[in-house]
Amino acid sequence: MTTTPAQTSAPTDEVRVRFCPSPTGTPHVGMVRTALFNWAHARHHGGKLIFRIEDTDAARDSEESYHQLLDAMRWLGIDWDEGVEVGGPDGPYRQSQRADIYQGVIAKLKDAGHIYESYSTAEEISARHRAAGGDPQLGYDGFDRDLTDEQKSAYRAEGREPTWRLRMPDTDLTFTDLVRGEITFKAGTTPDFVVVRANGQPLYTLVNPVDDALMRITHVLRGEDILSSTPRQIALYRALIDIGVAERVPEFGHLPYVMGEGNKKLSKRDPQADLFLYREQGFVPEGMVNYLSLLGWGYSADEDIFSRQQLVERFTAEDVNPNPARVDIKKATAINADHIRLLPEADLSERLIPYLQHGGVLGETVTPEQRALVSAATPLVQTRMNLLGEAPDLMGFLFTADEDLVVQDDALKKLGDDPVAVLERAISEVEAVPTESFTAAPLEGVLREAIVEDLGIKPRLAFGPLRSAISGRRISPPLFESMELLGKPSSLARLRALRDRLATAR
RNA sequence: GCCCCCAUCGUCCAGCGGCCUAGGACACCGGCCUUUCACGCCGGCGACACGGGUUCGAAUCCCGUUGGGGGUACCA
């Protein structure tokens with residue numbers, strides 16, 4: 001067959017990678033890591049990322065899952081050049097819409113004799129192995145490879161419809177894996193496999209390489225779980241090259257597993273696998289991208305906090321480590337915390353708002369005053385949180401009406417010998433501070449002098465009762481800054497409230 | 001069973017024949033700073049699975065053992 005080079009034909013040295021998930025369930029971190037590495041590889045080499053959806057399994061695929069996939073990619077900033085939503089020269093990009101394309105390829109494969117009809121049932125195959133004294137579990141034995149027309153007619157007369165199998169070459173199959181080096185599968189260890197069901201529908205085994213070929217994919221970076229199906233794909237590629245559908249066999253790179261605790265692969269049910277759970281808890285995409293990159297790859301010998309841009313600058317598939325990686329929530333959280341600290345204040349305070357709303361600290365509509373308070377409080381909490389979801393707990397007291405402030409039991413303990421006296425003194429000092437200079441530094445100066453110097457109480461005990469009164473907590477953002485944000489009337493009201501409560505209890 | 005992959009601190013990553021008395025990060029344990037908590041800083045604990053080769057020299061190369069994992073579908 002003669003192929004007319006398409007106008008859109010890409011330069012032969014262009015790197016073209018793809019991400020091709022099945023839309024089943026919620027996005028899984030292992031899958032997202034695969035998307036990320038493909039993206040980083042494409043961007044590093046100035047190539048293209050193609051985003052295709054493998055929805056050939058109507059029973060398991062869902063539209064909801066498809067939208068979650070888009071959401072996940074966008075959240076993490078993994079953009080694609082061709083594919084669903086954006087289109088491209090090789091569409092459509094959902095396999096459910098490509099049936100005609102596959103039928104055309106199947107016809108050519110049949111004509112060229114690369115695939116043949118097979119009537120053997122699983123039972124018949126194992127029966128033959130048993131009869132030959134072999135393990136009945138053994139795979140397909142090539143029984144139908146050279147069926148005569150008479151034999152085929154006889155099967156059809158029984159009402160049997162054939163599957164179609166690819167004729168595997170009787171040679172070793174070797175390829176150089178981008179992450180693992182040279183890998184050889186011995187001749188005869190991969191049986192002829194089914195590419196078309198008896199009902200005429202193509203299987204993943206056919207459709208995946210066909211689309212990669214048609215989309216001119218140059219590098220296939222995918223999970224280690226399909227490493228063993230690579231020889232089948234290479235054999236199919238050769239057949240596709242022969243019939244003019246493929247230009248070449250792409251390079252393969254098999255990324256290590258992402259594991260949970262112990263030696264279990266992260267299962268879909270595992271909460272650690274659910275990308276959106278990380279987002280709900282307050283992971284920022286920068287932190288997530290950073291952490292995910294560390295699952296099988298390293299930025300440098302002594303740094304592991306980096307930006308998306310830095311990832312792109314350094315990432316190559318060849319540097320990916322072949323051994324499985326385990327998800328470590330603590331490390332992920334620590335990395336996220338670093339990225340939160342790296343955020344400009346204004347950016348962070350904007351990101352905090354949805355979490356404050358979710359935590360009930362802010363309502364559905366946020367007033368300009370509330371927004372201003374969030375901004376002002378942001379520097380107080382930036383080094384104190386690991387996850388954005390901690391914001392309501394950390395900042396809630398600033399948004400609570402004085403009369404609604406709950407002083408936690410914990411905050412009532414270890415307040416020193418005479419917290420009431422401390423509070424009394426603090427109240428009179430604070431009353432004397434003019435409203436216009438009600439800011440952290442003067443407040444600290446005045447209170448320190450009165451309580452620490454004058455009353456001779458150690459700072460630790462001197463400010464404990466005030467902290468409890470102001471924040472309701474034993475642990476809180478810095479005291480004087482908090483008082484400044486609350487303002488004079490509110491600060492005084494809270495100090496008085498705790499004084500009264502403790503005095504009554506005495 | 002057969003085929004394939006993997007093997008450095010508890011975990012992740014660095015190391016790709018001499019720079020290694022093995023480096024960084026998280027976690028953990030001390031300490032400093034300090035109005036609490038964090039941040040930051042200083043220090044500590046802690047690994048080349050085992051056995052053979054090759055080499056002047058091996059965490060690095062080869063073989064084997066052991067231990068993990070995956071595949072062996074008319075799923076993807």
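In what follows, chains carry the letters A, B, and so on, assigned in the order in which the sequence lines appear, proteins first and then strands, with residues in each chain numbered from 1.
Base-pair partner of B:C16: not found among the strands shown (Watson-Crick or G-U wobble, both distances under 3.5 Å). When both distances must be under 3.5 Å, the Watson-Crick or G-U wobble mate of B:U72 is B:G1. Across the strands present, B:A38 finds no partner; the criterion is a Watson-Crick or G-U wobble pair with both atom distances under 3.5 angstrom. B:A25: Watson-Crick or G-U partner is B:U11, with both key distances under 3.5 Å.
In this structure, A:Arg180 does not reach the B:C5 phosphate: none of its side-chain N or O atoms is under 4.0 Å from OP1 or OP2. Under 4.0 angstrom from either OP1 or OP2 of B:A25 there lies no side-chain N or O belonging to A:Lys331.
When the P atom is compared between B:C45 and B:G23, the two are found 11 Å apart, to the nearest whole Å. Look at the C1' atom in both B:A22 and B:U8: the space between them is 8 Å, to the nearest Å. Rounded to a whole angstrom, the distance from the P atom of B:C19 to that of B:C42 is 26 Å. Rounded to whole Å, the P atom of B:G64 lies 16 Å from the corresponding atom of B:A7. Remark: the separation of the P atoms in B:A47 and B:U66 is 26 Å, to the nearest Å. Atom P of B:C4 sits at a distance of 39 Å from the matching atom of B:G24, rounded to the whole Å. For the C1' atom pair drawn from B:C50 and B:A58, the interatomic distance equals 16 Å after rounding to whole Å. Comparing B:U60 with B:A49, their P atoms sit 8 Å apart, to the nearest whole Å.
In this structure, the side chain of A:Asn38 engages the main chain of A:Thr34 through a donor-acceptor pair within 3.5 Å. A donor-acceptor pair is defined here as one N or O able to donate and one able to accept, closer than 3.5 Å; no such pair exists between the side chain of A:Glu158 and the backbone of A:Tyr155.
One can place CG of A:Leu294 at 16 Å from P of B:G24, the figure rounded to the nearest angstrom. Going from atom CD1 of A:Ile335 over to atom C1' of B:A25 covers 7 Å, rounded to whole Å. In this structure, A:Asp328 places its CG atom 12 Å from C1' of B:C28, rounding to the nearest Å. Here B:C6 presents its C1' atom at 11 Å from CD1 of A:Ile183, a figure rounded to the nearest Å. A:Arg326 has its CZ atom 10 Å from the P atom of B:C9, to the nearest Å. The CD-P distance, from A:Glu303 to B:G23, rounds to 18 Å in whole Å. Atom CG in A:Asp302 sits about 11 Å away from atom C1' in B:C13, given to the nearest Å. When the P atom of B:G24 is taken as reference, atom CZ of A:Arg314 falls 17 Å away, rounded to whole Å.
Using a 4.0 Å heavy-atom criterion, one finds that A:Thr184 contacts the sugar-phosphate atoms exclusively. Residue-level contact check: A:Glu444 touches the bases, meaning some heavy atom is under 4.0 Å from a base atom. Nucleic acid contact class of A:Gly134 (heavy atoms, under 4.0 Å, all strands): none. Within the 4.0 angstrom heavy-atom criterion, only backbone atoms of the sugar-phosphate kind lie near A:Trp297; the bases stay farther away.
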Q) Using a cut-off of 4.0 Å between protein heavy atoms and nucleotide atoms, how would you tag nucleotides 70-76 of chain B 5' to 3' with B, S and -? A) BS--BSB

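Between A:Thr189 and A:Lys330, the residue anchored closer to the 5' end of RNA chain B is A:Thr189, taking for each the nucleotide with the nearest heavy atom.
Here A:His129 pairs with A:Ile125, A:Leu138, A:Asp141 under the side chain to side chain contact (heavy atoms under 4.5 Å, CB included) rule; sequence neighbours left out. A:Trp297 is linked by a ring pair (Phe, Tyr, Trp, His ring centres under 6.0 Å) to A:Phe306, A:Phe315, counting only residues two or more places apart in sequence or in another chain. Under the ring pair (Phe, Tyr, Trp, His ring centres under 6.0 Å) criterion, A:Phe185 pairs with no residue at all, not counting sequence neighbours. Taking A:Tyr116 as the reference, nothing meets the ring pair (Phe, Tyr, Trp, His ring centres under 6.0 Å) condition, with sequence neighbours excluded. With sequence neighbours excluded, the residues that form a ring pair (Phe, Tyr, Trp, His ring centres under 6.0 Å) with A:Phe51 are A:Phe19, A:Trp80.
Listed by residue number, the members of residues 467-482 of chain A with any heavy atom below 4.0 angstrom from RNA chain B are A:Arg467, A:Arg474, A:Ile475, A:Ser476, A:Pro477, A:Pro478, A:Leu479, A:Phe480, A:Glu481.
Salt bridge status for A:Arg98 with A:Asp211: present, with a side-chain N to carboxylate O gap under 4.0 Å. A salt bridge links A:Glu54 to A:Arg52: at least one charged side-chain nitrogen sits closer than 4.0 Å to a carboxylate oxygen.
Contact of the A:Glu117 side chain with the A:Asp144 side chain is not registered, since no non-hydrogen atoms from C-beta on lie closer than 4.5 Å.
For residues 405-430 of chain A, no residue pair satisfies the ring-ring contact (aromatic ring centres under 6.0 Å, His included) rule, not counting sequence neighbours. For residues 185-207 of chain A, the salt bridge (charged side-chain N to carboxylate O under 4.0 Å, His left out) pairs, not counting sequence neighbours, are A:Arg145-A:Asp192.
Screening A:Thr163, A:Leu236, A:Leu166 for a side-chain contact (heavy atoms from CB on, under 4.5 Å) involving A:Ile115 leaves a single residue, A:Leu166. Across A:Asp409, A:Asp393, A:Asp410, a single residue satisfies salt bridge (charged side-chain N to carboxylate O under 4.0 Å, His left out) together with A:Arg473, and that is A:Asp393.
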Report each atom pair, protein N/O against N/O of nucleotides 44-46 of chain B, whose distance is under 3.5 angstrom.
none

Hey, what are the protein-to-nucleotides 38-41 of chain B N/O distances that come in under 3.5 Å?
| unit_1 | atom_1 | unit_2 | atom_2 | d |
| --- | --- | --- | --- | --- |
| B:A38 | O2' | A:Thr383 | O | 2.3 |
| B:A38 | N3 | A:Thr383 | OG1 | 3.4 |

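Cation-pi check for A:Arg351 over A:Tyr355 is not met; the charged atom does not lie both under 6.0 angstrom from the ring centroid and within 45 degrees of its normal.
Checking B:C13, B:G1, B:U35 against every side-chain atom of A:Ala325, the shortest atom distance belongs to B:C13.
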Side-chain atoms of residues 455-467 of chain A: list all donor-acceptor pairs with protein atoms under 3.5 Å, sequence neighbours left out, distances to 0.1 Å.
| unit_1 | atom_1 | unit_2 | atom_2 | d |
| --- | --- | --- | --- | --- |
| A:Arg467 | NH1 | A:Ser476 | OG | 2.8 |
| A:Arg467 | NH1 | A:Pro477 | O | 3.3 |

